[in-house]
Amino acid sequence: ETLTQEIKSIVPANAEELEAYRIRFLGTKGLVRDVFGGMKDVPAEQKKEAGQLLNAFKQLAEAHYESFSHLQQGNAGNASFADFSLPGADIALGTRHPLRIVENKIVEIFERLGFAVAEGPEIEDDWHNFTSLNMPEDHTARDMQDTFYVAQNPDWLLRTHTSSVQARVLEEGKLPVRVICPGRVYRNETISARAHCFFHQCEGLYIDENVSFADLKQTLYAFVTEMFGPDIRVRFRPSYFPFTEPSAEMDISCTVCGGSGCSLCKHTGWVEILGCGMVHPDLLRNFNIDPEKYSGFAFGMGVERITQIRYQVNDLRLYSQNDVRFLRQFTTNT
Ligand code: PHE
């Protein structure tokens, strides 16, 4: 009886006091064991009654301990003390990668112009990446795209441009074709602020009857005004790609200085954004398409480049360093 009273009067305030209580009453040399040990001296006819008393005492001692279990070390958040009415902790949402934001925007604009998304493998074979695109093995244009080859098979490589997807789409043999092909490409470049061993491109291909260079210009002009605003100006410079003839590079008026000169446009007022041209007739023949009947245009742009113009990111390495201080700045998906 006195022990019962004593237990009830003990109110441990912290883990040590609770532990002291446990040792005194419930430990291997504790009082509960002690009184149970006294059972052997109880006369047989009283054993039943005494047993019940002792069990009740033991249960009380244990229940008393349990009621302070929240004091146990490492048990601070014990469920019996959790406040279920508290609002939950915020689940932090990530932000989209700037390259993905820009890629989504590019794709969305071309989808509105009637282009469908097409994709191809990043590990390509020589035919799709080079040979079918008028770049046979000894072609000097291959030098412009320093290539990673796959050790297991000399015919395999990491695609150097998304033009390989043109080949994949054309070999399906369905005409007309109007596709936009986003994807990652690889070149054996030393990593610096201005070059990386992988980057991203968006390829466009349109083949139908009577497609002209005017269609190419108007499509790309529609694209840049959607991307950079209605005041943007464009110019086309003659260029060379083995898979297009004629070929051009397209510049836009500098979005930062508007033409007065800054570091983005290297004080020229213009920034280059893509390569393009009319699909070479030989390439159509490679895919059994009659160049007398069909014509088309193609273009390819660097997603990093467009992103750099849009957000003034001036170091390519930032895109792949996973520094959240950089990544968290891009909170829109527009
Ligand atoms: N594939 C070219 C490059 O990576 C870009 C391009 C695509 C040019 C389509 C013309 C037509 O540089």
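This one's a predicted model, so the numbers in the text were calculated from it and none came from an experiment. We count ligands from 1, going down the list as the structure has it; atoms in each ligand are counted the same way. One is the number of the first residue; the rest follow in order along the sequence. All heavy atoms count here, side chains included; hydrogens, waters and symmetry mates do not.
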Taking non-hydrogen atoms within less than 4.0 Å of ligand 1, which protein residues qualify? Q145, H161, S163, Q166, R187, Q201, E203, F241, F243, T244, G275, C276, A298, F299, G300
Angle between ring planes, F130 versus H161, binned at 30° and 60°: parallel, tilted or perpendicular? tilted
Which heavy-atom pair separates L71 from A15 by the least distance, and what is that distance? O-CB, 3.3 Å
Close aromatic pair by centroid cut-off 6.0 Å: H196 and Y319: no
Ring centres under 6.0 angstrom apart (Y311, F330): yes
Spacing of CZ belonging to F223 relative to CD1 belonging to I306, to within rounding of 0.5 Å: 5.0 Å
Check: F299 ring centre within less than 6.0 Å of F110 ring centre: yes
